[in-house]
Structure formats: C-alpha cells, structure tokens
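Data block below; observations after.
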Amino acid sequence: MPPVKSRREQYSQATKAALLEAATRRFAEHGFAGTALEDVAADIQASRGAVYHHFASKTALFEAVVEALETEMIREVVEAVATTPDTWQAAMTAMEMFLDHCCDPDYGRVVWQEAPIALGWKRWKECEEKFAYGLIEQLIKALVDSGEVPPLPLEPMARITFHILGSAGMALAEAPAQDKRRVRDEYSVAIRHLLNGARRRADSPS
C-alpha cells in the first residue's frame, strides 16, 4: 500500500495544484508579463511566500504551467491512440486531437504565444521536443512497422512532421476566436494531404 500522506503534505499538494490552476488562468488571460505572483497568490487566498515555497520564480511557475498543459494533452492523445487498433487512424486521431487542443485558449496562448517569450526560444523548443517529438516519432515508427508508410528515415520524417504540427499550433493560437474552427479544419485537410502523400508515394524515386 502507498504511504498515507500527512495533512501537511496533503495541504501542500492541494496548494500547489491550486496555484497551477490560478496561474494558468492568469497567464492565459494576461500573459507572462502581465501576471504578478501576488495576483496568483491572491486568487487562492494564499501569501506570496506560499508561491515561493513551491516555485522559485515566476518563470519556474510558468514553466510548471506549460508542463502541466503539455502533460495533459499528451495523456489524452496517448489514451485515445491506445484504443485505436488501426495505426493510420491512430496517427490521424493524434493529429486531430492536437489541433483541438491548440484551439483551446489557455493551451494556445500559454504554450504557443507566451512560452517562447517567457522561457526563451531554446528552452521552449526543449519543452516542445520533450513532450511532442517523442510521441510523433513513436507514431511514425508504428506506421513504418505496420507497412502503412514505406521505410522512410525515421528521424527526418519525425522532425518534418514535428515542425508541420508546430506551424499549425502557432497559426491556431494566433487565429481570432471566431476563425479558429475554420483554420483548424484547413490545417487538418492540409496535414492529411501531406501525410497521405508520404503514405502513397514515399517509395517512388523522385
């Protein structure tokens, strides 16, 4: 049996979760620069010291928010893919779910608009590769192993797909709310067309 947590540990974990939730709302609404730690703390009726107890700085809090959003997105995609026996359909399901997440205003603004500024380009790219690249590589390997896609070089194909999806994520984050569904559907059509091209013709000499 797992050890029983003390009330202090339970309270500490609950406070940290509440801070992450409040910070997500703040960063999504006001951006990184427009969010103060005092405001995040006030949202859950905590002190500024409570924030620093869990996070060393505003940047550390922001990075924790990004990781939480990315972790949840990957979890949902992996669960959906696991119940889809057809490898091609699994890859398409993963792509569609990713586009749906990018339409979410919290995920879109925090991950695609604020993170490159708040974390710096290098650290943001590291975070994106940590969460998304590995899953993309696994899905492409499954497509190759199943014969859905010819034996393309795995790393270049995964890298190209990673950047295509990244372009879609950025475009959806920047699209006005009233246009997101249209933009999302257009990117879905374009990405499916590109991937279907690889599926049919990657073994052709060209």
Side-chain angles (χ1 to χ4, degrees), residues 63 65-117 119-176 179-206:
E63 186 166 340
V65 167
V66 170
E67 294 208 354
L69 289 170
E70 292 283 36
T71 298
E72 179 61 17
M73 186 271 289
I74 294 295
R75 182 191 66 78
E76 291 183 14
V77 170
V78 168
E79 285 184 358
V81 166
T83 60
T84 308
D86 179 84
T87 52
W88 181 260
Q89 188 54 48
M92 295 302 99
T93 296
M95 183 267 291
E96 298 288 354
M97 290 185 70
F98 167 76
L99 295 179
D100 286 340
H101 270 275
C102 292
C103 289
D104 177 79
D106 291 354
Y107 182 89
R109 181 166 187 187
V110 171
V111 171
W112 291 105
Q113 293 183 295
E114 295 297 320
I117 301 169
L119 301 180
W121 182 259
K122 182 175 183 294
R123 180 58 185 150
W124 175 64
K125 293 298 290 181
E126 289 173 351
C127 288
E128 284 304 296
E129 295 207 9
K130 172 184 174 182
F131 289 100
Y133 180 81
L135 178 59
I136 291 169
E137 192 174 55
Q138 289 175 29
L139 290 170
I140 291 176
K141 185 176 187 303
L143 290 172
V144 172
D145 291 345
S146 68
E148 288 282 357
V149 170
L152 294 158
L154 181 59
E155 197 278 337
M157 188 62 182
R159 185 71 56 187
I160 290 168
T161 306
F162 174 75
H163 286 296
I164 289 172
L165 292 172
S167 295
M170 190 66 74
L172 284 167
E174 293 174 349
D179 294 336
K180 285 188 188 295
R181 176 53 54 177
R182 174 185 58 79
V183 174
R184 177 233 179 275
D185 291 344
E186 289 175 351
Y187 268 89
S188 173
V189 169
I191 294 169
R192 280 178 178 270
H193 178 75
L194 290 170
L195 295 179
N196 268 308
R199 188 185 189 188
R200 292 193 301 266
R201 297 189 294 273
D203 52 351
S204 301
S206 58

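All values below were derived from every heavy atom in this structure, side-chain atoms included, with hydrogens, water molecules and symmetry-related copies excluded. All values derive from a computational prediction rather than experimental measurement.
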Shortest non-hydrogen separation from [X] to [Y] and the atoms involved:
X	Y	value
Met157	Ala198	CE-CB, 3.7 Å
Met97	Glu76	CE-O, 3.5 Å
Ile140	Ala158	CD1-CA, 3.5 Å
Ala94	Val81	CB-CG2, 3.9 Å
Thr93	Ala80	CG2-CB, 4.1 Å

How many angstroms lie between atom [atom1] of [X] and atom [atom2] of [Y], to the nearest 0.5 angstrom?
X	Y	atom1	atom2	result
Lys180	Asp185	NZ	CG	13.5 Å
Asp106	Glu72	CG	CD	12.5 Å
Glu67	Cys127	CD	SG	5.5 Å
Arg182	Leu172	CZ	CG	10.5 Å
Leu165	Met170	CG	CE	13.0 Å
Glu174	Gln113	CD	CD	6.0 Å

message: Quick test of your reading: applying side chain to side chain donor-acceptor pair (under 3.5 Å), list the pairs with at least one residue in residues 161-172, sequence neighbours left out, ordered by first then second residue.
response: none
message: Using the rule given for salt bridge (charged side-chain N to carboxylate O under 4.0 Å, His left out), can you reason through Glu79 versus Arg75, listing the C-alpha separation, both sets of side-chain angles and the distance that settles it, and then say yes or no?
response: CA-CA 6 Å; Glu79 285 184 358; Arg75 182 191 66 78; 2.8 Å; yes
message: Going by side-chain contact (heavy atoms from CB on, under 4.5 Å), Glu126 matches just one of Lys130, Glu128, Lys122, Glu129. Which one?
response: Lys122
With Val149, the side-chain contact (heavy atoms from CB on, under 4.5 Å) member among Thr87, Val144, Leu195: Val144
- request: Run the numbers on Tyr187 and Ile164 for side chain to side chain contact (heavy atoms under 4.5 Å, CB included), then give the verdict.
  value: CA-CA 10 Å; Tyr187 268 89; Ile164 289 172; over 6 Å; no
query: Among all residues two or more places apart in sequence or in another chain, which pass the side-chain hydrogen bond (donor to acceptor under 3.5 Å, both in side chains) test with Tyr107?
result: Glu70
- request: Just do the side chain to side chain contact (heavy atoms under 4.5 Å, CB included) check on Arg184 and Cys102 with the steps written out, would you?
  value: CA-CA 9 Å; Arg184 177 233 179 275; Cys102 292; over 6 Å; no
By salt bridge (Lys or Arg N to Asp or Glu O under 4.0 Å), which residues pair with [X], not counting sequence neighbours?
X	result
Lys125	none
Asp86	none
Arg192	Glu96

field: ring pair (Phe, Tyr, Trp, His ring centres under 6.0 Å) contacts touching residues 119-140 (sequence neighbours left out)
entry: Trp112-Trp124, Trp121-Trp124, Tyr133-Phe162
